[in-house]
Structure formats: structure tokens, C-alpha cells
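The block underneath contains the structure these notes are about, expressed in C-alpha cells.
First listed ligand is number 1; within each ligand, the first listed atom is number 1.
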Amino acid sequence: MRPAAALEPRAGGATLFDLPHELKAFQERVRHVAQTEIAPHAAETDRTERYPWHCVEVLKREGFMGMTIPVEHGGRGASYLQAVILIEEMAKACSSTGRICVESNMGALGAIMKYGADAQKRLAAALVLAGDKPAILITEPDAGSAATEMTTRADHKGDRYILNGKKHWITGGGVSRLHLVFARMYRDGKEQGIAGFIVVRDPDSGAPKGLVIGKREPAMGVRGIPETEVLFEDLEVAEDMVVIPPQGVRKGFAGLMDAYNGQRVGAGTVALGIAESAYELALDYARKRRQFGRPIAEFQGLQWMLADMSIQLAAAQALIYKAAARAGEGFPDKREAAEAKIFASETAVRVTNDALQIHGAMGYSRNLALERKVRDARMFPIAGGTAQILRTQVAGAILGIRTPQARDGYLKLGAGE
Ligand code: FAD
């Protein structure tokens, strides 16, 4: 028989399946803030489609904006797992606020804090800690899943780059200050590869004038955050605002996309939080609603739905926590991030739908939160890498082959020559 000691929690208090004490305490604190100060505004944020600045103030006060920024830059040096716990609780209360927590701790911020020069890190940290949710600008009208086919170009001229092109579906367009723009870099008319370009926009004056916010998409869900077109019209970016990962600009896109693994785990966590809150509503309703002289929870058809919802949520949470916990000081692993996002986002679509079904007609009413949660969940198998593209990545890892996106990108950039 295995000695009992082998089953004891390891020093530090965490077993494989339990959060350490300090993270549990943090989770309790976030849950309280989320339920008392964020949740009461969620329906209004959805209805008005306005950016929830009042929620940002709460996040700022609690030190949740830029929590993952290292201590030397004024943040708390929080781990990905801690950020995931924050996002999960916030997303249960309000999906828009959950997404603000993702983008103020991962995504563009993660890329700059990892690959940026010191001055770039200081700039990014200061903006986020002051309440900014950075924007990451990759997708273009003709380059969605095939992101490496982007045509936005940055031409070197003197001590700067001149950007021209168009992005769309940019989260935070019009409200974000910090922008990380992915563009094809040219020097002496010769293409170098894809790099990140830091641009700071003043939402009040609209400066710099070469960065133009285009039309807003009338999105289905998570309506508190705008998704817009962003155009570059001879936008000047100083040379020292370029972000290039250590592998160099030619293979820079792959490095920048590593930073996106964090964003994917974060997006999966928002989906998880939305689904968990829908499940909790369904459980409560199934216990209270009576038909045929008994609570509907006594009908086996609904019991099996609830059981499946609970199992799927537990599995999604395990994949997310695993990807986040194993990130350590770096970014989550590409395959683990993809697996977590695929499963959590598809689970969220199923679970929110089933939760609505359990509510019968009341689920279909805009007076309850279910129809909003169904709409909110739907974005996650699409945004930040579709479930199909991420499956291709997982398959690539299993089979040891390059995914089509990477292969096309490398061919275009001439790598592997
Ligand atoms: P397409 O690439 O045109 O795909 C259409 C369909 O074809 C999809 O079902 C896709 O899975 C499938 N498909 C394509 N290629 C393959 C393949 N090789 N194998 C199998 N199936 C394939 N982008 C940003 O840069 N910044 C943002 O802040 C941002 N925020 C977003 C927020 C929201 C709410 C949404 C919906 C999108 C956001 N996006 C953002 C864009 C998002 O990342 C893209 O929508 C996504 O990468 C897919 O691109 P696409 O929409 O052009 O779809």
C-alpha cells in the first residue's frame, strides 16, 4: 500500500486539486467585491452598451488592474493562476468586467512586459495601473485566422516607422490608450517580418491623428466593450516603440503569439465564469420551480442536464487552472492554452443554453440574465483564435507538425531558408 505520507499535501499547502490557502482567501475577497459592486451593474452595461468605467474604478481601487505587472514596475507580480481566479469571479458577475481583467493583465500587456524595453514596460505599467485596458491589434478584414497574411505595413523612415493599413474587431477601440499594433516591418523597402508597435492614444483629443477609430461592430454579446475598426493613416511610431521578441523580427510573430497564449487562457476563463454563473442560476431555479406537483429538479431529464453541466464545468476549470498554474514565470504553453480555451468556450455555449432551457419561458425573457449569458458566451469559440484553428494547433502538437497558419507565415517571411 502507498504510504500515507505520499498523499499528504506538499509543503506550501497545495494538493493537486486544491488551491493554496492564500489563493482561496483571494478568491473569497474577489467574489465579495464582484457580487456586491460589479454584478449589480451588469444588466445595465449590457443594455446601454457603455464601457463600465465605474467597474474599472473598483478594479483599480482593489489593485486588480495590472495585477500581473512585476513589483518593480508598480504591480503585484501576481501569477497567471491568481489572475485566472480574479477573472473567473469577475466574469460570473459581469462578462465585460471579466474581459477588462483579462486585457489589463495578459494579452498586449503580457507581450510588452515580457519582450519590451525598460521604457516600454514603464509606459505600459503606468497606463494600466492608472485604469487603462490595452488593445491588441492583429485581425484585418482579409487576415483573420490567417493572421500572418496581414497587410498593415510599417515603413522605416529616419528614426521612426510610418504605419498604414486597417484592423477590425479591435476590442477597446475608442476607449483604450495603450495599443499594440501588429504590422509587417519594412526597411529600405525590404520586408523584415512582423513586429509589435506601441501607440498611445488619448481618447479625449483623439491624438495621434494617424490612428483613426472606425465604425463599431454591433456585437451580439459582452456589449460593455466596443469592438471597432482601427485605421492607420501615415501613423508615425518612434523606433524605440517597436517590440521584437528575442528570436528576432523574422520569427517575431511566433514570439508575440506566445504572449497570446495567456490571453487565450484568460478568454477561456471569462467563458468559464459566465457558464458557472448560468449553472448556479439553473440549479437554483430547478429547485424552486414546481410543475406536476413537485420541483422540476426531481425530473430525471433535468437532473442529467445538471449533472452534465457540472461535469463539464469541472473539466473546463481543471484545464484552465492547469494551463495557468504551469505557466510559472512565462506564458502558458501553447497546446495547454488552446485545449483550455476550446473546452471552456464550447462548454460555455452548451451550459448557458441548457441553463436557459431549464428556465423555460423565463429563460427567454430579457428580464432574467440567461439570454444575456447565452449571447455573451457565444464570442469565445471565435475571438482570439477560433475553436477550429486551435484544434489545428493541438493536432499540430500531437502529430509534431507545423500548423497551416505557421507554415504559411514562415513561407511568406522566408524563414527556414
Ligand atoms: P475567418 O478566419 O474568416 O474564419 C471563418 C471560419 O472558417 C471560422 O469558423 C474558422 O474557424 C474557419 N477556418 C478558417 N481557417 C480555417 C482552417 N485552416 N481550418 C479550419 N477552419 C478554418 N482581433 C484582434 O486582433 N484584436 C481584438 O481585440 C479582437 N477582439 C475580438 C473580439 C470579438 C468579440 C470577436 C468576435 C473577434 C475579435 N477579434 C480580435 C478577431 C478574432 O480574433 C477573429 O475573428 C478570429 O481570429 C477569426 O477570424 P475571422 O473572424 O476573420 O474568421
Side-chain angles (χ1 to χ4, degrees), residues 46 49 51 91 95-96 98-100 102-104 106-111 132-152 165-184 194 196-197 199 201 211 213-232 253 256-257 259-264 266-268 270-271 274 337-338 341-342 345-346 348-349 372 375-396 401-409:
D46 177 66
E49 303 189 21
Y51 192 71
S95 55
S96 296
R99 282 183 69 200
I100 291 170
V102 176
E103 283 153 35
S104 64
M106 299 164 171
L109 180 74
D132 185 44
K133 178 215 81 64
I136 189 156
L137 299 88
I138 306 172
T139 308
E140 299 182 0
D142 293 324
S145 298
T148 49
E149 291 179 9
M150 66 178 64
T151 55
T152 294
K166 180 177 176 180
K167 303 283 179 183
H168 74 167
W169 280 101
I170 301 307
T171 301
V175 296
S176 295
R177 287 177 182 269
L178 183 66
H179 293 67
L180 185 65
V181 183
F182 285 42
R184 230 168 247 295
I194 293 171
F197 295 79
V199 183
R201 180 175 185 271
L211 186 101
I213 304 299
K215 70 172 169 46
R216 179 175 178 169
E217 288 295 339
M220 177 179 177
V222 199
R223 294 184 181 174
I225 310 185
E227 278 94 21
T228 72
E229 292 175 342
V230 178
L231 295 90
F232 316 104
F253 183 74
L256 289 167
M257 289 313 279
Y260 217 67
N261 294 337
Q263 178 95 354
R264 284 181 175 149
V270 181
I274 294 168
K341 181 168 178 286
I342 294 167
S345 62
E346 293 183 344
V349 171
R372 164 160 52 89
R375 285 188 284 107
D376 287 353
R378 195 59 191 85
M379 74 165 268
F380 295 95
I382 300 170
T386 66
Q388 289 73 35
I389 289 296
L390 295 182
R391 278 190 170 82
T392 303
Q393 285 188 3
V394 173
I401 56 171
R402 280 178 174 178
T403 60
Q405 184 179 10
R407 191 170 60 234
D408 294 350

Interatomic distance, Ile389 atom CD1 to Ile382 atom CD1 [nearest 0.5 angstrom] | 13.0 Å
Give the numbers and elements of all ligand 1 atoms closer than 4.0 Å to a heavy atom of Ile382.
-> 46 (C)
Within a distance under 4.0 Å of any heavy atom of Ile389, pick out the atoms of ligand 1 and give their elements.
->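 So the atoms of ligand 1 that pass are 15 (N), 16 (C), 17 (C), 18 (N).
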Report yes or no: does Gly384 have a heavy atom closer than 4.0 Å to ligand 1?
->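 Gly384 counts as a contact of ligand 1 under the 4.0 Å cut-off.
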Considering only heavy atoms, which of Asp142, Leu390, Thr171 lies nearest to atom 28 (O) of ligand 1?
->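 Considering heavy atoms of Asp142, Leu390, Thr171, the nearest to atom 28 (O) of ligand 1 sits in Thr171.
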Option whose closest heavy atom lies nearest to atom 1 (P) of ligand 1, chosen from Ser145, Ala108, Gly144 = Ser145
Check against side chain to side chain contact (heavy atoms under 4.5 Å, CB included), His168 and Thr139 = CA-CA 6 Å; His168 74 167; Thr139 308; 3.8 Å; yes
Is [X] close to ligand 1, meaning an N/O of one under 3.5 Å from an N/O of the other?
| X | result |
| --- | --- |
| Ile138 | yes |
| His168 | no |
| Thr392 | no |
| Met379 | no |
| Glu227 | no |
| Thr139 | yes |
| Thr386 | yes |

Give the minimum heavy-atom separation between Val222 and Asp376, together with the two atoms involved.
->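 Nearest heavy atoms, Val222 then Asp376: N-OD1, 2.6 Å.
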Count the heavy atoms of every other residue, nucleotide or ligand shown that sit under 6.0 Å from CZ of Arg378, and state whether that count exceeds 12.
-> no
With the side chain counted from C-beta on, respond yes when Gln263 and Lys341 share a heavy-atom pair under 4.5 Å apart, and no when they do not.
-> no
Salt bridge Glu227-Arg99, side-chain N to carboxylate O under 4.0 Å = yes
Check: Glu149 side chain, Asp142 main-chain N or O, donor-acceptor pair, under 3.5 Å =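 Such a contact is absent between Glu149 side chain and Asp142 backbone.
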Take Val394 and Arg391 through the test side chain to side chain contact (heavy atoms under 4.5 Å, CB included) and record every step on the way to the result.
-> CA-CA 5 Å; Val394 173; Arg391 278 190 170 82; 5.6 Å; no
